[in-house]
Amino acid sequence: MVSSFYVYILRCSDGTLYTGYTNNLERRLKTHNSGKGAKYVRSRLPCVLVYSEVYASKQEAMSREWYIKNKLSRKDKLQLIQSYFSGIYN
């Protein structure tokens, strides 16, 4: 049984950002970079994982994905990514 769901942001080769959700982050990244993931990503390979969050339920992850995709500007997403890396390295 899957116990964790992830919301993630990828930086594509053209500099654009792609947001998605999954129950297996490593497998999903491999799927994207093999050209079998989302149509948006296929023409922008390779992609690099730059941000992720973990949730206990699929519904929580889907809600957060929707919020990031629809309510955050690119600038907001970049700030989110920056704060993530600041937390790791500070």
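Keep in mind it's a predicted model, so treat the numbers as computed, not measured. Each residue takes its place number in the sequence, starting with 1.
Leu25 contributes atom CG, which lies 8.0 Å from atom OH of Tyr8 (distance to the nearest 0.5 angstrom). Atoms OG1 and CZ, on Thr16 and Arg74 in that order, are 7.5 Å from each other to the nearest 0.5 Å. With rounding to the nearest 0.5 Å, the separation of CD1 in Ile9 from OG in Ser52 is 9.5 Å. The OH atom of Tyr40 lies 10.5 Å from the CG atom of Leu10; values are rounded to the nearest 0.5 Å. Between the OG atom of Ser43 and the CG atom of Asp14 there is a distance of 7.5 Å, given to the nearest 0.5 Å. Lys69 contributes atom NZ, which lies 8.5 Å from atom NZ of Lys77 (distance to the nearest 0.5 angstrom).
Listed here is the closest heavy atom pair of Ser4 and Val54: CB-CG2, 3.8 Å. Heavy atoms only, all atoms of each residue included: Cys47 and Val41 are closest at SG-CG1, 3.3 Å. In this structure, Glu60 and Ala56 approach most closely via the heavy-atom pair OE1-N, 3.4 Å.
Cluster annotation: Leu49 is not connected to Tyr21 through the hydrophobic network of ILVMFWY side chains, with a link wherever side-chain heavy atoms come within less than 4.5 Å. Hydrophobic clustering (ILVMFWY, side-chain heavy atoms < 4.5 Å, transitive): Ile68 and Leu17 are in one cluster. A single hydrophobic cluster is seen to contain both Tyr51 and Tyr55, as judged by linkage of ILVMFWY side chains at heavy-atom distances under 4.5 Å, directly or through other members. Both Leu78 and Val50 belong to a common hydrophobic cluster when Ile, Leu, Val, Met, Phe, Trp and Tyr are linked at side-chain heavy-atom distances under 4.5 angstrom.
Under 3.5 Å, the side chains of Tyr67 and Glu65 contain no donor-acceptor pair of N or O atoms. In summary, the side chains of Gln79 and Ser83 do not present any donor paired with an acceptor at a separation below 3.5 Å, with no hydrogens or angles considered.
Proximity of a side-chain donor or acceptor of Arg42 to a complementary backbone N or O of Gly37 within less than 3.5 Å is detected. Remark: side-chain polar atoms of Thr31 are not paired, donor with acceptor, to backbone N or O of Lys36 under 3.5 angstrom.
In this view, Tyr18 and His32 satisfy the ring-ring contact (aromatic ring centres under 6.0 Å, His included) rule, not counting sequence neighbours. The salt bridge (Lys or Arg N to Asp or Glu O under 4.0 Å) search around Arg11 returns none, not counting sequence neighbours.
Inter-residue side-chain proximity for Lys71 and Trp66 is flagged as met; some heavy-atom pair is nearer than 4.5 Å. Considering only heavy atoms from C-beta on, Tyr6 stays 4.5 Å or farther from Glu53 through its side chain.
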